[in-house]
Participant: 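Got a structure here, written out as structure tokens. Questions coming.
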Amino acid sequence: MGLPPHEAINQFKELMDQVDEPLKRTFKNVHQGYVVETLERFLKAREGNVTKAHKMLVDSLQWRLQNGIDDILAKPIIPANFYRGVRDSQLIGLSGYTREGLPVFAIGAGLSTFDKASIHYYVQSHIQINEYRDRVILPAATKKNGKYIGKCVKVLDMSGLKLSALNQIKLLTTISTVDDLNYPEKTITYYIVNVPYIFSACWKVVKPLLQERTKLKIRVLQGGGRDELLKIMDYPSLPHFCRRDGSGSGSGSGSGAGNSNDNCYSLDHPFHQELYNYMKELSGIDEPKEPTKQGSIHVEVPMGDHEGVELHRTLESELMKLRTRKSLSGSLEKVKDLPAL
């Protein structure tokens, strides 16, 4: 039987008081003044086990130090036209806020191609958005609402998902691992919309592998999910791919859809403009006038034995089965078309 929550927190606090000064400094960037709430997140991620939660947090803080995560917002991906390519192929943005003040992040899971840069740029970009969320977006939401806001809502658009997604499993596993080990319990609910058959087939296999606390966070909605999402947010906060009637967002889900104020994926959207300007200001550099040699930040990601890795292995296996089935079906169709001897 586990410890009562307050005793677990007190034990956790005592253990964190004993860590080295460099770890304490980076921990400040993590908790942003909300120590108890942060310890609760790591405890929840380790089922209330103080020893395991402490190890998880210390490992995460060491990861931050070893990879310079505290300074990652001062290292924008330049020049802007190259960064635009990253944004156009890694579809994510802030569409608004729920009525309770939680940020709503939209993710184009089906239409993200990840084909404009190396894996290191996409990992760097993902971590920068995480850090901006935790150090700027959430503290601002907390101040505005007069109460602690430490989590967000994510709406994942699956339209356009194809078997070719199998090619991105390594990158998606890396990003998932970064989140699982270093940013646990930052999302209160995942809403999945515009679901094609390929997702439905994989979901039936993956769902039983999820821990109960993870299952409770995931809601697969009918069609674009507009009516359900309007129960927790106002229309202007809806991601652009949820605003239309019908079951899918079609080609309008991509980064070129609508105007820049509606399409939160676009680098021209206010969220991405504010983020990019914030990073350039921290870096102290202006946009270079001459072509700049590119160099991404290489972040080491330990691929431990955790839920996210196992899920992606299973997903990869299921996608392979679907691809084999599709290939076999295509071969049989060709055989049918052969002339009789």
Side-chain angles (χ1 to χ4, degrees), residues 72-98 102-118 121-138 140-141 144 152-160 175 193-194 224 226 229 233-244 248-292 294 296-297:
I72 201 167
L73 286 175
K75 297 174 181 177
I77 296 172
I78 54 175
N81 62 348
F82 179 76
Y83 184 56
R84 184 178 293 277
V86 173
R87 290 277 57 85
D88 286 347
S89 55
Q90 183 184 33
L91 303 179
I92 183 171
L94 179 70
S95 67
Y97 295 82
T98 68
L102 277 66
V104 178
F105 282 89
I107 300 171
L111 290 170
S112 291
T113 55
F114 302 104
D115 60 351
K116 302 298 183 185
S118 72
Y121 284 108
Y122 291 114
V123 173
Q124 176 182 344
S125 166
H126 180 79
I127 294 172
Q128 286 174 329
I129 290 176
N130 278 356
E131 290 292 310
Y132 187 71
R133 174 197 64 198
D134 293 352
R135 296 197 228 171
V136 178
I137 297 294
L138 291 173
K144 180 180 178 180
C152 66
V153 163
K154 290 183 179 177
V155 184
L156 282 69
D157 179 22
M158 292 292 170
S159 59
I175 287 175
V193 303
N194 297 320
R226 185 181 69 172
L229 292 172
M233 67 185 76
D234 294 328
Y235 186 85
S237 289
L238 280 178
H240 58 277
F241 51 80
C242 298
R243 295 185 181 185
R244 302 193 328 173
S249 54
S251 61
S253 297
S255 61
N259 62 56
S260 59
N261 285 328
D262 287 335
N263 179 12
C264 61
Y265 297 154
S266 171
L267 182 57
D268 298 319
H269 186 273
F271 165 70
H272 283 296
Q273 284 292 299
E274 290 165 11
L275 166 59
Y276 199 58
N277 288 334
Y278 180 86
M279 290 193 291
K280 285 203 297 182
E281 185 175 340
L282 282 184
S283 71
I285 61 172
D286 295 320
E287 190 70 16
K289 295 181 175 62
E290 300 295 328
T292 304
Q294 288 300 315
S296 60
I297 297 172

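As the structure is a prediction and not an experimental result, all values here were calculated from the model. Residue numbers run from 1 in the order of the sequence given.
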Participant: Between the side chain of Tyr278 and the main-chain N/O of Tyr132, is any donor-acceptor distance below 3.5 Å?
Facilitator: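 Not a single qualifying donor-acceptor pair exists.
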Participant: State whether the side chain of Ser95 and the backbone N or O of Ala106 hold a donor-acceptor pair below 3.5 Å, judged by distance alone.
Facilitator: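 Absent.
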Participant: What pair of heavy atoms forms the shortest contact from Cys242 to Val193, and how long is it?
Facilitator: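 Reported closest heavy-atom pair: SG-CG2, 4.2 Å.
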Participant: Would you mind reporting whether Ile92 and Ile129 have side-chain heavy atoms less than 4.5 Å apart?
Facilitator: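 In contact.
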Participant: When rounded to the nearest 0.5 angstrom, what is the spacing between CG in Leu94 and CD in Glu274?
Facilitator: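 Leu94 CG to Glu274 CD: 9.0 Å, rounded to 0.5 Å.
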Participant: How many angstroms lie between atom CG of Asn263 and atom CG of Asp268, to the nearest 0.5 angstrom?
Facilitator: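 The CG atom of Asn263 sits 9.0 Å away from the CG atom of Asp268.
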Participant: Taking side-chain hydrogen bond (donor to acceptor under 3.5 Å, both in side chains) as the test, write out the residues that go with Glu131, two or more places apart.
Facilitator: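 Testing Glu131 for side-chain hydrogen bond (donor to acceptor under 3.5 Å, both in side chains), a comparison that skips the adjacent residues, returns Arg64, Arg135, Tyr183.
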Participant: For the side chain of Arg243 and the backbone of Leu238, is there at least one donor-acceptor N/O pair under 3.5 Å apart?
Facilitator: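 Indeed, once roles are kept as given, a pair shorter than 3.5 Å links the two residues.
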Participant: Would you name the heavy atoms of Ser89 and Gly85 that are closest together and state the gap between them?
Facilitator: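 Minimum heavy-atom contact is OG-O, 2.8 Å.
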Participant: With distance as the sole test, does Gln90 use its side chain to make a donor-acceptor pair with the main-chain N or O of Ser112 at under 3.5 Å?
Facilitator: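 No, the answer is negative, given that no donor and acceptor are paired below the 3.5 Å cut-off.
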Participant: Give the ring-plane orientation class for Tyr265 versus His240, where under 30° counts as parallel, over 60° as perpendicular and anything between as tilted.
Facilitator: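 The rings of Tyr265 and His240 stand perpendicular, inter-plane angle above 60°.
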Participant: At what distance, to the nearest 0.5 angstrom, does CD of Gln128 lie from OH of Tyr83?
Facilitator: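 Reported value, rounded in 0.5 Å steps: 6.5 Å.
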Participant: Any side-chain to backbone donor/acceptor pair from Ser237 onto Tyr97? Under 3.5 Å, distance only.
Facilitator: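 A pair under 3.5 Å: yes.
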Participant: Just how far is it from atom CG of Leu91 to atom CG of Leu111, taken to the nearest 0.5 Å?
Facilitator: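 Separation between the atoms: 6.5 Å.
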Participant: Walk me through whether Val155 and Val104 qualify under side-chain contact (heavy atoms from CB on, under 4.5 Å).
Facilitator: CA-CA 7 Å; Val155 184; Val104 178; 4.0 Å; yes
Participant: Quick one: list whatever passes side-chain contact (heavy atoms from CB on, under 4.5 Å) with Ala117, sequence neighbours left out.
Facilitator: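 Phe82, Val86, Tyr121, Tyr122.
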Participant: Does Pro236 offer a backbone N or O that forms a donor-acceptor pair with the side chain of Asp234 under 3.5 Å?
Facilitator: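 No; judged by distance alone, with no hydrogens or angles, the pair does not exist.
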Participant: Any chance the side chains of Arg87 and Ser125 put a donor and an acceptor closer than 3.5 Å?
Facilitator: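 A donor-acceptor contact under 3.5 Å links the two side chains.
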Participant: Sub-3.5 Å donor-acceptor pair from the side chain of Gln124 to the main-chain atoms of Lys75, do we have one?
Facilitator: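 Yes; judged by distance alone, with no hydrogens or angles, the pair exists.
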